[in-house]
There are 2 protein chains.
Amino acid sequence: MAKISDIAKRTGYSNATVSKALNGSPEIPESTVATVKKVARELGYVPSSFARTLKMRRSFNLGVLFVDQTNAGLRHEYFSSILEAAKVEAEKRGYDLTFMSHTNYGGLKMSYLQHAKSRGMDGILIVSANFLDPAVEELAQSGLPVVTIDYVYNGCTAIMSDNENGMNSLFEAAYALGHRKIAFIHGEETDVTKRRIAGFLQAAKAHGLSLPSAYLGEAYYHRPETVMAALEPILRLPDPPTCVFFPDDISAITFLARQTQEAKRIHPLSFAGYDGIDLTKMIHPMLSTYVQNSEEIGTIAIDKLINRIEDPRLFVPEVVKVKGHLQSGDTIQKR
Amino acid sequence: MAKISDIAKRTGYSNATVSKALNGSPEIPESTVATVKKVARELGYVPSSFARTLKMRRSFNLGVLFVDQTNAGLRHEYFSSILEAAKVEAEKRGYDLTFMSHTNYGGLKMSYLQHAKSRGMDGILIVSANFLDPAVEELAQSGLPVVTIDYVYNGCTAIMSDNENGMNSLFEAAYALGHRKIAFIHGEETDVTKRRIAGFLQAAKAHGLSLPSAYLGEAYYHRPETVMAALEPILRLPDPPTCVFFPDDISAITFLARQTQEAKRIHPLSFAGYDGIDLTKMIHPMLSTYVQNSEEIGTIAIDKLINRIEDPRLFVPEVVKVKGHLQSGDTIQKR
DNA sequence: TCGCTCTACTAAAACGATTTCGTACTATGG
DNA sequence: CCATAGTACGAAATCGTTTTAGTAGAGCGA
């Protein structure tokens, strides 16, 4: 593989001049730059990023922490869609994305932080992880530029899907259609779940409704069988809800399939999902849900991360809330 | 950050000895190794992977080509699930995964091959891409270790989901339940599609059935509206099929939702999807489909790739077919 | 004791870039 | 014509590893 010294030999310039020419240093005249670039192309020169990193202490490489958390991992459309957007934005700005892991060295597992240091990562994007894992916290508090999704660490910028707004939008939609008895089956206890519950209860309060605590059910994200199990006692209440919000679209679609199947159902129940996965738009009836703006979340995350890397002086940790939008489907019906 | 020379100073050994001790060279006695490792731990030493790569010409980094092809990209559960498995396997063997891209250097976009060379990637996994893109072909033919998924390049190892077997299994299942008039709406023309059509027709032939060519419909993967459009004329045929195979689970689920909705339908149509996404198991009725073994595909792909990297002499390009399995759901009914 | 083989170690040269100081030369103003 | 400033370039150090080619000393058999 051609290197800088090959170009130097061929052009008669020194390594220093070639390097400067290729990097657009102002002290090199146009004509020289042209010669150098021409020869570089002829030789098929490709800069060696590791040699570069070694000297510059800049790798133009970002770590992505993406752990198969809720047994959904990369397959969760919300997260993978964030990752996709992050990938596009990073490429646009000239950075690579490498998955973080506990890669081992000499039979010894490395911590995430060690991994990041070892690869000289310029910054880290934490998309999906167990935020309470000490190894993750260590990473977040290390001083390396870190941006997190849907979780706030002190000193790190966080990009949050606006869960309060999400639940509020759904509530308003149901309320407007005449629903007053609304239940919410939420996912397992996480930060996001807390926000959703808060958003839900705030919306109810805003309308002067006080919902029985039995209207709140707990289940697990992306495990519809747990959701159905939580739903059952709620429907058996003496005064059952007329509308129920599910923790995610998968549960809602599962319920939908089950419901349309049982033609024998007594009263029609309105319901909504959460996330806005593609399928919700394709099925009939279209699912009512809140579409999280995962694309924007991924894009902004990388944007903020790279901005901080490239000009640390301007950096101030922020919490950015990204609003999604209501998808008015057909599964919340008029009362 | 602590470096080897710091350990050397502290222990009194030379850089060379420290390096060898850390890398398990046989010429260093146990006692020395112990001392060195102890001090390394105390100083929080983390090896610099780029300095290492520079010298060794081994980065322990693999490139992953994953292009948002059919506007499904990372969100396609089949692919993201392969990626997830690849990630796990790579970590297990001490390699990192970096997304390939057209990262630019000095305002100039790099080809995939240049990118790979620049990052010193030890090998490439092509998961999803436009295989006819010259930039992708260049990469595949460059001599770098490359493994592809669902496409065969000369000289590269390819891991293939067994599409012939998939269509055959589905056909057998339908046939066993009494279906003789079976239609297949396939995706856009790709290598995979060709294999599926071939598998489908072979299965029919094996039973001495000759299906009217009108039973084959063309649509696009993951665009259910095109699938529904292709289905319509087929159902209007004078002699319509009793069972139809869809190109993917998304279309099948879309159809399911639509079908259960229209209670007015005249005759029940049996159908099946393809892929085996999680949701197919959750809904009621359970979808009949062919579950591709994406986990094994991802794992094997990385395994073969690393084996080739670590012992190139043993390398012989192979085409590995990975069988999936039939999911006997409830959407193919007895006739 | 001599020569030989091991063992345990080291000095120094890479690897391929960037960057800091220079330096030689040209242009310019007084 | 001289001093000065600016322009275009280069020598060499540096980043943190690995590795080659050696060396000093111990052990050992004859």
Side-chain angles (χ1 to χ4, degrees), chain A residues 1-37 39-40 43-61 94 105-106 110 114 116-122, chain B residues 1-37 39-40 43-61 103 105-106 110 114 116-122:
Chain A
M1 268 187 36
K3 37 191 175 180
I4 278 202
S5 59
D6 295 331
I7 304 180
K9 250 176 238 141
R10 181 87 166 255
T11 56
Y13 290 115
S14 71
N15 286 4
T17 301
V18 172
S19 171
K20 287 174 191 161
L22 289 174
N23 290 307
S25 159
E27 64 180 273
I28 309 292
E30 264 314 314
S31 59
T32 308
V33 171
T35 317
V36 168
K37 285 200 169 172
V39 172
L43 297 181
Y45 170 73
V46 178
S48 156
S49 83
F50 27 95
R52 213 150 188 259
T53 300
L54 182 57
K55 192 74 210 343
M56 298 211 299
R57 345 220 91 242
R58 285 283 264 98
S59 63
F60 295 91
N61 193 20
Y105 170 71
M110 285 162 75
Q114 289 175 323
K117 282 185 175 171
S118 158
R119 285 270 179 216
M121 291 169 175
D122 295 333
Chain B
M1 268 185 35
K3 37 192 175 179
I4 279 201
S5 59
D6 294 332
I7 304 180
K9 248 176 241 144
R10 181 86 167 255
T11 55
Y13 291 115
S14 70
N15 286 4
T17 302
V18 172
S19 171
K20 286 175 189 160
L22 290 174
N23 290 306
S25 159
E27 65 181 272
I28 309 291
E30 263 316 313
S31 59
T32 308
V33 171
T35 316
V36 168
K37 286 201 168 172
V39 173
L43 297 181
Y45 170 73
V46 178
S48 156
S49 83
F50 27 95
R52 211 148 192 261
T53 301
L54 181 58
K55 193 74 209 342
M56 300 211 296
R57 352 223 84 239
R58 286 281 267 100
S59 63
F60 295 91
N61 192 19
T103 301
Y105 169 71
M110 286 162 74
Q114 288 175 322
K117 282 186 176 170
S118 158
R119 284 271 179 216
M121 291 169 175
D122 294 334

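Given the structure is predicted, the values throughout are model-derived calculations rather than measurements. Per chain, numbering begins at 1; letters A, B, ... match sequence-line order.
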In whole Å, what is the span from the CG atom of B:Asn23 to the P atom of D:dG16? 17 Å
Just compare D:dT17, D:dC9, C:dA11 and give me whichever is closest to any side-chain atom of B:Ser14. C:dA11
Please work out if A:Gly120 contacts a base, only the sugar-phosphate, or nothing of the nucleic acid, heavy-atom cut-off 4.0 Å. nothing
When you look at A:Phe60 and B:Arg119, which way does the side chain to side chain contact (heavy atoms under 4.5 Å, CB included) test go after all the steps? CA-CA 10 Å; A:Phe60 295 91; B:Arg119 284 271 179 216; 3.9 Å; yes
Nearest whole Å is fine: how far is C:dC6 C1' from B:Ile28 CD1? 14 Å
Any chance you could measure A:Leu54, atom CG, to B:Lys55, atom NZ, to the nearest 0.5 Å? 13.0 Å
Inter-residue atom distance B:Leu22.CG - B:Ile28.CD1, 0.5 Å rounding: 10.0 Å
Answer yes or no: does a side-chain N or O of B:Thr17 lie under 4.0 Å from OP1 or OP2 of C:dT10? yes
Under a 4.0 Å heavy-atom cut-off, which of residues 44-60 of chain B touch DNA chain C? B:Leu54, B:Lys55, B:Arg57
If you check every side-chain atom of B:Lys20, which of C:dT18, D:dG16, C:dC9 has the closest atom? C:dC9
Salt bridge (charged side-chain N to carboxylate O under 4.0 Å, His left out): which pairs involve residues 9-24 of chain A, sequence neighbours left out? A:Arg10-A:Glu42, A:Lys20-A:Glu27
Round to a whole Å and report the spacing from NZ of B:Lys117 to C1' of C:dA17. 18 Å
Rounded to the nearest angstrom, tell me the gap between atom CD1 in A:Ile4 and atom P in C:dT19. 11 Å
Starting at atom CG of A:Asn15, determine the distance to atom C1' of D:dC9, rounded to an integer number of angstrom. 13 Å
Distance-only polar pair, side chains of B:Thr17 and B:Ser14, donor-acceptor under 3.5 Å: yes
Considering only heavy side-chain atoms of A:Thr32, the closest of D:dA11, D:dC9, C:dA8 is D:dC9
Mind calculating the distance between NZ (A:Lys3) and P (C:dA14) to the nearest angstrom? 10 Å
Evaluate the criterion side chain to side chain contact (heavy atoms under 4.5 Å, CB included) for residue pair B:Val39 and B:Tyr45; output intermediate values, then yes/no. CA-CA 8 Å; B:Val39 173; B:Tyr45 170 73; over 6 Å; no
Nearest-Å distance, NZ (B:Lys9) to C1' (C:dT10)? 16 Å
I would like to know whether B:Asn15 and B:Ser19 meet side chain to side chain contact (heavy atoms under 4.5 Å, CB included); could you show each step before the answer? CA-CA 6 Å; B:Asn15 286 4; B:Ser19 171; over 6 Å; no
Whole angstrom is fine here: how far is it from CD in A:Glu27 over to P in C:dC21? 13 Å
